[in-house]
Amino acid sequence: MDSQGKESLHDHNETSEQSGDQLDSEGENEIQEEETLELELQTGVDNPLPLAVQSQNAKVFSGDTPAIGMVFDSENQAYDYYNAYGRFLGFSIRKSKMVIRKDKTVTRRVFCCSKEGFRCKHPRGDPMRPRPVTRTGCKARLGIQLQNDAKYSINEFVEEHNHVLAPPSEAHMLRSQRKSQDPQTGSIESILSLIREEAGESPNANPGDCSNYVQRWCYETLKRAEEDKKRIRELSAELHRERRQCAAYREKLHMVLKDMEDHTLHLSKQVESVVDNMKDVESRRTKRKT
């Protein structure tokens with residue numbers, strides 16, 4: 001049996017070493033439930049399904065439900081299609097079981113719901129603050145297999161979920177839906193071009209000088225940050241002095257107002273005393289006349 005005919009079955013943990021996309025990062029303590037993927041390993045490429053010949057390539061998800069025999073140009077295209085289908089319904093997906101040849105060609109792959117399997121119990125018992133349940137043993141999945149024309153077709157599809165699906169307003173927050181839709185967004189070249197532009201260099205400069213541009217940009221950014229911190233400290237100290245000065249002025253103003261109030265009260269008492277004396281004098285004069 002040559003290298004084209006020999007195939008080996010790997011579980012999800014082994015395939016995670018092949019690609020970072022195949023690693024389920026929901027938690028180090030989460031262990032997927034071991035399942036047996038009943039696949040017949042045959043010599044050479046498996047025979048295509050009859051419906052695969054009649055179907056057309058499903059490059060973009062357009063609201064249709066996956067069907068047995070749907071054809072894709074690559075494994076990544078099938079993943080993107082099922083991921084778009086998951087966003088449309090409101091669930092997250094991840095890569096699961098696979099069959100791979102010795103030449104690293106993936107002949108069969110299973111994409112499953114992110115809630116597939118159950119969380120393994122902690123060896124030391126139940127934790128004091130358990131994390132929310134993220135695995136419900138969901139059986140929803142989509143399986144693909146390699147055809148003679150180097151394309152992949154759907155050979156397994158389970159639609160039903162055993163959990164509540166996310167509403168459309170929250171579907172973009174699911175784990176597999178957080179990937180950028182534009183592959184050019186945030187690319188290294190665009191970032192370096194922006195750094196060159198901010199550093200005052202030509203965007204079409206020699207790529208070998210990128211390190212110098214990055215170092216210069218980082219130095220200037222750190223320098224501006226230090227200057228900003230120094231200015232903030234100076235403004236904070238000045239604000240503290242102004243507040244202390246305002247507090248002193250406020251205390252003096254309260255003292256002046258209190259003195260004015262006391263003086264006003266003293267004057268009012270003196271005026272009342274004078275008025276009383278005047279009344280006594282007038283009353284005495286009136287008695288003498290009579």
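It should be emphasised that the depicted structure is a prediction, and the values quoted were computed from it without experimental measurement.
Side-chain atoms of S283 come within 3.5 Å of backbone N or O of K279 as a donor-acceptor pair. Of the possible donor and acceptor atoms, one in the side chain of S176 sits under 3.5 Å from a partner among the backbone N and O of I93. Of the possible donor and acceptor atoms, one in the side chain of T107 sits under 3.5 Å from a partner among the backbone N and O of V99. A distance-only check finds a donor-acceptor pair linking the side chain of R178 to the backbone of M173 [under 3.5 Å]. Between the R94 side chain and the E116 main chain, a donor and an acceptor come within less than 3.5 Å of each other. Under the 3.5 Å distance criterion, the side-chain polar atoms of Q77 are matched with a main-chain donor or acceptor of D73. Here the side chain of S268 pairs a donor or acceptor atom with the backbone of L265 at under 3.5 angstrom. In this structure, the side chain of N83 does not engage the main chain of Y79 through any donor-acceptor pair within 3.5 Å.
Rounded to the nearest 0.5 Å, atoms SG (C112) and CZ (F91) are 10.0 Å apart. Atoms CZ and CD, on R241 and Q245 in that order, are 10.0 Å from each other to the nearest 0.5 Å. Between the CE atom in M70 and the CG atom in N155 there is a gap of 13.0 Å [rounded to 0.5 Å]. Distance check, rounded to the nearest 0.5 Å: CG of L174 to CZ of R87 gives 9.0 Å. From S74, atom OG reaches atom CD1 of I144 across 8.5 Å, with rounding to the nearest 0.5 Å. The SG atom of C113 sits 8.0 Å away from atom CG of N162, with the distance rounded to the nearest 0.5 Å.
Among F61, Y152, Y81, the single residue meeting the ring pair (Phe, Tyr, Trp, His ring centres under 6.0 Å) criterion with F72 is Y81. When the options K97, Q145, M98 are evaluated for a side-chain contact (heavy atoms from CB on, under 4.5 Å) with R109, the one that passes is M98.
Heavy atoms from other residues, nucleotides or ligands lying under 6.0 Å from CD of E227 number more than 12.
One hydrophobic cluster holds both F88 and L165 under the rule that ILVMFWY side chains link at heavy-atom gaps under 4.5 Å.
Looking at heavy atoms from C-beta onward, T65 lies in side-chain contact with E159 at the 4.5 angstrom threshold. Side-chain contact between L142 and E156 is absent, with no heavy-atom pair separated by less than 4.5 Å. Between D228 and R233 the shortest side-chain heavy-atom distance does not fall below 4.5 Å. Residues H266 and Q270 form a side-chain contact, since some pair of their non-hydrogen atoms from C-beta on lies under 4.5 Å apart. Taking the side chain as every heavy atom from C-beta outward, E170 and P167 approach each other to under 4.5 Å. Contact check for M255 versus K258: no side-chain heavy atoms found under the 4.5 Å cut-off.
Between R231 and E234 there is a salt bridge, since at least one side-chain N of the basic residue sits less than 4.0 Å from a carboxylate O of the acidic one.
Between Y85 and F157, the two ring planes are perpendicular [angle over 60°; tilted spans 30° to 60°]. In this structure, H163 and H161 have perpendicular ring planes: the angle between them is above 60°, well past the 30° mark.
Side chains of S96 and R141: a donor-acceptor N/O pair is absent below 3.5 angstrom, by distance only. One side chain, D103 or T105, offers a donor N or O that lies under 3.5 Å from an acceptor on the other.
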- Message: H254 vs R250, test: side chain to side chain contact (heavy atoms under 4.5 Å, CB included). Steps then yes/no.
- Response: CA-CA 6 Å; H254 288 166; R250 188 181 300 109; 3.6 Å; yes
- Message: Please determine whether side chain to side chain contact (heavy atoms under 4.5 Å, CB included) holds for the pair S153 and Q147, giving the CA-CA distance in whole Å, both sets of side-chain angles, and the decisive distance to 0.1 Å.
- Response: CA-CA 7 Å; S153 66; Q147 303 298 310; 2.6 Å; yes
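The two residues R135 and G117 come nearest to each other via the heavy atoms CB-O, 3.1 Å. Nearest heavy atoms, I154 versus P66: CD1-CB, 4.0 Å.
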